[in-house]
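What follows is a short report on a single structure.
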Amino acid sequence: MKSLIEKLTQTPGPPGYEKLIREVIQAEIEDYADEIHVDALGNLIARKGSPSTEGKRIMLAAHMDEIGVIATHIDENGFIRFTNMGGIYPHYAPGGRVRFLDGTPGVIGTEKTENSYKVPPLDKMYIDVGAAGRDDCPIKVGDVAVFERPLTEMGDRLVSKAMDDRISVAIMIEALKMLNNPPHEIYFVFSVQEEVGVRGATTAAFGVDPELGLALDVTRTGDTPKGITMEVALGAGPAIKVKDSGMISDPRIVDWMVRTAERAKLPYQLEVLERGGTDARAIQLTRSGVPAGCLSIPCRYVHSPSEMVDFNDVQNALKLLVALLSDSIDLA
Ligand code: CO
Ligand code: ZN
């Protein structure tokens with residue numbers, strides 16, 4: 001699974017430009033899904049299982065896209081001004097490397113500031129691709145790039161760019177492979193454009209028209225020095241979302257997830273995330289509403305080029321997901 005995680009995190013896929021990562025995922029699942037299609041926005045939707053009287057139509061969602069940047073202006077010296085696609089924190093940017101979709105690498109630099117210890121906003125930064133001038137610059141306005149950072153193993157911890165949300169993509173791929181004859185009609189949605197406002201999941205949820213929805217995404221942790229106050233810790237098990245700033249999980253879904261984790265003797269944590277949201281919001285609010293929840297993977301340094309997860313959490317999230325989908329579901 002680690003080599004799959006490496007392949008998924010290292011493939012670029014900024015919002016709206018998910019073609020490359022979609023092809024990687026499609027190749028992985030082709031032999032295991034009952035049916036695969038790509039919708040108009042680019043969501044990759046794979047069905048496993050068929051409708052039955054006791055089973056439900058379930059939508060799972062993990063987003064394929066990752067935060068990125070887009071070129072807005074090239075100056076006469078060949079330096080590129082850019083803006084964010086999704087939540088880029090200025091303090092993680094300077095000195096970092098990016099790579100454009102055509103393969104061109106770049107370094108993020110900043111203008112001189114009054115106080116060199118203060119982080120300037122993104123519009124005081126630029127990307128240097130080593131060009132001698134505008135005519136020599138291979139990048140044009142509208143070209144997109146993502147952070148460049150390899151996957152590194154630190155004991156049980158895995159660090160890379162784009163763990164948000166490729167770690168959940170990896171878990172969904174493995175679950176799809178493991179589930180044999182599930183009692184439900186399950187749609188595995190690898191969604192687009194989550195980072196710019198859960199846009200892909202919005203159309204996918206309407207199309208799938210599920211009876212129950214689960215998103216898989218990373219969540220933040222409260223276990224770093226003077227970090228945010230939050231119960232979730234790395235390595236203490238996958239998190240069952242109770243609430244974030246975009247949704248309140250259906251309490252029946254939370255109960256079902258907790259019951260299943262306890263029955264399977266899997267570690268879990270309850271999550272209240274005060275800032276952030278996931279594809280679950282779009283599922284919950286589609287059409288006339290759907291009971292929805294979210295299985296979260298604890299992750300440090302979310303939206304930095306070095307997002308850190310614990311491999312035990314990843315494996316336990318996979319086990320919990322498979323357990324959730326293997327039996328009939330009683331939401332009473
Ligand atoms: Co994100
Ligand atoms: Zn995410």
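One-based numbering, in listed order, for ligands and for the atoms of each. Because the structure is a prediction, the values reported are computed rather than measured.
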Regarding Asp217, does it place an N, O or S atom less than 2.8 Å from the Zn ion (ligand 2)? yes

Checking distances from the Co ion (ligand 1), one finds that the N, O or S atom of Glu195 closest to it is OE2

Testing Glu66, His303, Gln10, Glu307 for side-chain hydrogen bond (donor to acceptor under 3.5 Å, both in side chains) with Lys161, which one passes? Glu66

Is the cationic atom of Arg287 (NZ for Lys, CZ for Arg) positioned less than 6.0 Å from the six-membered ring centroid of Phe206 and within 45 degrees of its normal? yes

Same cluster for Leu60 and Met247 if Ile/Leu/Val/Met/Phe/Trp/Tyr side chains link at under 4.5 Å? no

Can an N, O or S atom be found in Glu195 less than 2.8 Å away from the Zn ion (ligand 2)? no

Asp217 near the Co ion (ligand 1): N/O/S under 2.8 Å: no

Could you tell me whether Arg281 and Asp244 make a salt bridge, using a distance below 4.0 angstrom between a side-chain N and a carboxylate O? no

Which atom of Asp164 is nearest the Zn ion (ligand 2), counting N, O or S only? It is OD1

Are Lys2 and Phe311 in a cation-pi contact, defined as NZ or CZ under 6.0 Å from the six-membered ring centre and within 45° of the axis? yes

Atom nearest to the Co ion (ligand 1) - Asp164, N, O or S atoms considered: OD2

Restricting His303 to its N/O/S atoms, the closest one to the Co ion (ligand 1) is NE2

Report yes or no: do Glu262 and Tyr268 form a side-chain donor-acceptor pair below 3.5 Å? yes

